Amino acid sequence: MRHIGSLTVCLCLAGSAAGAHPHIFVDTGLTLRFDDQGRLGAVGVVWVYDELSSMLILGDLELDGDADGELTQVERQRLQQEGSTWPEDFDGDLYLSQAGQAIALSGPRDSIVDYRDGRLIETHLRPLATPLAPQPQPVAIKVYDPFYYTFYDLAAAPKMIGRGDCEVRIERADIAAAQKLYADELELLNDEQMLDEGQSPQLGGAFADEVRVTCAAQP
C-alpha cells in the first residue's frame, strides 16, 4: 500500500539495492464490469495485504496502539482517509491494453479500506475513461508495481458482471527470464544509482501474470 503512510516507502528503498524480490505481498482479485451494451466499463479491484505488511503499516500510522487486532471507529476513519487518498504519482498498479495500446483508466472510486483478521483490505473501482466495445483482439490485464517492491498475486481469474460469454486466459510470468532481465539492468547501474529509488529497474511487469480477455460482439 505505497500510498498509505511513509513506512512502505522505507520498505521500497530498502529493496532497491537488494535484487529483484518484493517486500509487500498482496492477494489480488479483479471483477470486470460490462454495461448493457456488452462494453467493458470498469474493473473492480480487491487488495488483501500480507499480515506483516499490514502490521507495519498500522504501526506507521499509529493505529491499533494496544495491538489487540481491533480498530476503534476513529482509527477506522483515519485508515479510510489515508487509504482512499492516492498521491498524484501513484497510478494504481493496474494496466489494461489492447493490441499493444494502453487503455486509459480513471482514478479510484468507491474506495473502502478495512482491517480484518490481521490483514488490511482495500477495494475500489477503476472505470475506463471510455467504455470498450468488444474487438477481435483480447484485452490484456496486468497488476504490478513497476519497481517490484510490491507483488500482486492474482488469486483467481477475474469475475464477470454483465457478461458470461467471454473467454479468459491467464499467461503466467516467466520468473526466471524476469530475474535475468532485472539482473542485467541492475549491472548497468553504479553504486549511487542503486541507492536511488528512481534509478531502480522498472521491470515489475515482467514478473506479473497477464490476463487476456476476449469477448464476442453482441448482436
Side-chain angles (χ1 to χ4, degrees), residues 1-16 18 21-33 42-96 104-129 141-156 158-159 195-200 202 204-205 207-208:
M1 195 175 289
R2 290 192 306 169
H3 57 291
I4 293 186
S6 61
L7 171 74
T8 49
V9 175
C10 295
L11 287 174
C12 293
L13 289 173
S16 61
H21 61 275
H23 292 264
I24 302 171
F25 299 86
V26 181
D27 292 336
T28 303
L30 301 176
T31 300
L32 307 184
R33 297 177 177 271
V43 181
V45 180
V46 180
W47 292 334
V48 183
Y49 288 78
D50 68 271
E51 292 183 355
L52 177 59
S53 296
S54 298
M55 179 186 68
L56 293 175
I57 291 170
L58 288 181
D60 188 55
L61 295 174
E62 298 182 348
L63 301 178
D64 193 24
D66 56 7
D68 66 350
E70 299 291 336
L71 300 183
T72 67
Q73 184 62 32
V74 172
E75 288 176 324
R76 288 187 180 278
Q77 290 175 350
R78 185 180 174 208
L79 180 64
Q80 174 65 27
Q81 181 180 11
E82 293 281 351
S84 59
T85 304
W86 288 9
E88 293 183 359
D89 62 348
F90 180 63
D91 60 12
D93 291 347
L94 174 66
Y95 303 93
L96 275 65
L105 301 171
S106 78
R109 297 183 185 176
D110 304 329
S111 178
I112 298 175
V113 186
D114 199 3
Y115 179 63
R116 298 197 304 268
D117 300 324
R119 304 181 73 178
L120 286 168
I121 302 171
E122 179 177 351
T123 64
H124 56 267
L125 189 68
R126 299 291 305 278
L128 276 65
I141 305 172
K142 280 191 171 187
V143 187
Y144 64 89
D145 170 10
F147 290 101
Y148 197 49
Y149 304 133
T150 300
F151 177 70
Y152 296 94
D153 183 20
L154 282 175
K159 298 178 181 178
L195 294 175
D196 182 351
E197 178 189 5
Q199 296 293 329
S200 299
Q202 297 187 43
F207 293 87

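The structure displayed is predicted, hence computed values, not measured ones.
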Which heavy atom in [X] sits nearest to a heavy atom in [Y], and how many Å separate them?
X	Y	answer
Glu122	Val113	CG-CG2, 4.0 Å
Ala42	Pro127	CB-CA, 3.7 Å
Ile121	Arg116	CD1-NH2, 3.4 Å
Glu75	Glu70	OE1-O, 4.0 Å
Leu32	Pro158	CG-CB, 4.0 Å
Arg126	Val45	CG-CG2, 4.4 Å

Does atom CD of Gln77 have more than 12 heavy-atom neighbours from other groups under 6.0 Å away?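 Yes, enclosed.
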Between Phe207 and Tyr144, does the ring centroid distance fall short of 6.0 Å?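 Judged by ring-centre distance (under 6.0 Å), Phe207 and Tyr144 do not meet the cut-off.
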For a 4.5 angstrom cut-off between non-hydrogen side-chain atoms, does [X] reach [Y]?
X	Y	value
Asp91	Asp93	yes
Val143	Val26	no
Leu94	Ile141	yes
Leu63	Arg76	no

Just verifying a value: how many Å separate [X] [atom1] and [Y] [atom2], rounded to the nearest 0.5 Å?
X	Y	atom1	atom2	value
Leu105	Leu125	CG	CG	10.0 Å
Met55	Leu120	CE	CG	11.5 Å
Lys142	Leu154	NZ	CG	11.0 Å
Asp27	Asp153	CG	CG	5.5 Å
Ile24	Leu52	CD1	CG	9.5 Å

Donor-acceptor pair, side chain of [X] and main chain of [Y], under 3.5 angstrom:
X	Y	value
Asp145	Phe147	yes
Asp50	Phe25	yes
Arg78	Leu61	yes

Tell me, please, which residues at least two apart from Phe151 pass ring-ring contact (aromatic ring centres under 6.0 Å, His included).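 With sequence neighbours excluded, Phe151 shows a ring-ring contact (aromatic ring centres under 6.0 Å, His included) to no residue whatsoever.
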Which pairs, with at least one residue in residues 104-127 and sequence neighbours excluded, count as a ring-ring contact (aromatic ring centres under 6.0 Å, His included)?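 Passing the test, one end in residues 104-127: Trp47-His124, Trp86-His124.
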